[in-house]
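What follows is a single structure, written as structure tokens, with notes after it.
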Amino acid sequence: MTASFISQVTLVVPDYDEAIAFYVGALGFDLLEDTPRGAGKRWVRVAPPGAQTALLLAKADGPEQARAIGQQTGGRVGFFLEVSDFDAAHQAMLEKGVEFLEAPRHEDYGSVAVFRDPFGNRWDLIQSRASKPSSNSD
């Protein structure tokens with residue numbers, strides 16, 4: 001089998017510019033592409049710096065898609081933003097007005113806190129134990 005990976009995941013949003021403002025402005029993602037496609041549609045891709053997988057921000061087209069905004073995973077945490085420095089990322093996000101639904105927790109697998117994007121999608125901000133620097137003082 002040849003190598004493969006998920007290159008992007010669609011996230012339905014109510015407005016391109018509002019979504020760009022949050023993902024780029026508040027979360028620090030890179031705006032990879034914003035290409036007009038005609039009839040008010042755009043091809044908008046954002047991703048954390050250096051990430052292989054991007055979010056394709058798709059403006060809802062009609063009432064059925066609009067109803068899916070913020071509910072694409074049935075109210076569960078559907079997205080996971082892994083960082084190498086949880087405390088710094090958490091503080092930066094708080095300063096940018098990101099809404100956290102809980103205080104940070106320190107679990108066996110790492111540090112985590114659930115936040116919500118402006119559209120209702122639930123995310124985990126997470127630093128896995130495997131990515132934490134060693135505290136050995138040899």
For E95, what residues pass the salt bridge (Lys or Arg N to Asp or Glu O under 4.0 Å) criterion, not counting sequence neighbours? none

Applying side-chain contact (heavy atoms from CB on, under 4.5 Å), can you list everything that pairs with E18, at least two apart in sequence or on another chain? P14, D15, P118, F119

Contacts of type side chain to side chain donor-acceptor pair (under 3.5 Å), residue Q8, not counting sequence neighbours: R45

Determine whether L27 and F115 satisfy the following criterion, side chain to side chain contact (heavy atoms under 4.5 Å, CB included), listing intermediate values before the conclusion. CA-CA 11 Å; L27 296 189; F115 69 94; 4.1 Å; yes

Start with the C-alpha distance between T73 and Q71, add both sets of side-chain angles, then the distance that settles side chain to side chain contact (heavy atoms under 4.5 Å, CB included), and finish with yes or no. CA-CA 5 Å; T73 59; Q71 294 299 315; over 6 Å; no

Evaluate L11 against F79 for side chain to side chain contact (heavy atoms under 4.5 Å, CB included), listing each step before the verdict. CA-CA 10 Å; L11 186 63; F79 305 95; 3.5 Å; yes

With sequence neighbours left out, write down each residue that passes side-chain contact (heavy atoms from CB on, under 4.5 Å) with S4, or none if nothing qualifies. none

Would you name the heavy atoms of R116 and L101 that are closest together and state the gap between them? NH2-CD2, 3.3 Å

Determine whether the side chains of S128 and E82 contain a donor N or O and an acceptor N or O closer than 3.5 Å. yes

Assigning hydrophobic clusters by single linkage (Ile, Leu, Val, Met, Phe, Trp, Tyr; side-chain heavy-atom cutoff under 4.5 Å), is V13 placed with V24? yes

Using ring pair (Phe, Tyr, Trp, His ring centres under 6.0 Å) as the criterion, list what pairs up with F22, not counting sequence neighbours. none

Working to the nearest 0.5 Å, report the span between CG of D85 and OG of S111. 10.0 Å

With sequence neighbours excluded, tell me which residues meet side chain to side chain donor-acceptor pair (under 3.5 Å) with T35. E33

Partners passing side chain to side chain donor-acceptor pair (under 3.5 Å) against R105 (at least two apart in sequence or in another chain): E102, E107, Y109

Suppose we screen for salt bridge (Lys or Arg N to Asp or Glu O under 4.0 Å). Which residues come up paired with R122, at least two apart in sequence or across chains? none

Show me the donor-acceptor pairs within less than 3.5 Å that the side chains of residues 46-70 make with the rest of the protein, sequence neighbours left out.
| unit_1 | atom_1 | unit_2 | atom_2 | d |
| --- | --- | --- | --- | --- |
| T53 | OG1 | I6 | O | 2.7 |
| D61 | OD2 | K41 | NZ | 3.1 |
| Q65 | OE1 | D61 | N | 2.8 |

Calculate, to the nearest 0.5 Å, the distance between atoms CG and CZ belonging to L94 and F100 respectively. 5.5 Å

I'd like to know if L32 and L81 are part of one continuous hydrophobic network [Ile/Leu/Val/Met/Phe/Trp/Tyr, side-chain heavy atoms within less than 4.5 Å]. no

Would W123 and L125 satisfy side chain to side chain contact (heavy atoms under 4.5 Å, CB included), going step by step from the backbone distance to the final call? CA-CA 6 Å; W123 289 71; L125 173 66; over 6 Å; no

With sequence neighbours left out, write down each residue that passes side chain to side chain donor-acceptor pair (under 3.5 Å) with D34, or none if nothing qualifies. R42

The criterion is side-chain contact (heavy atoms from CB on, under 4.5 Å); which residues satisfy it with F80, sequence neighbours excluded? V77, D124

Does any pair with a residue in residues 51-70 pass ring pair (Phe, Tyr, Trp, His ring centres under 6.0 Å), and if so which ones, sequence neighbours excluded? none

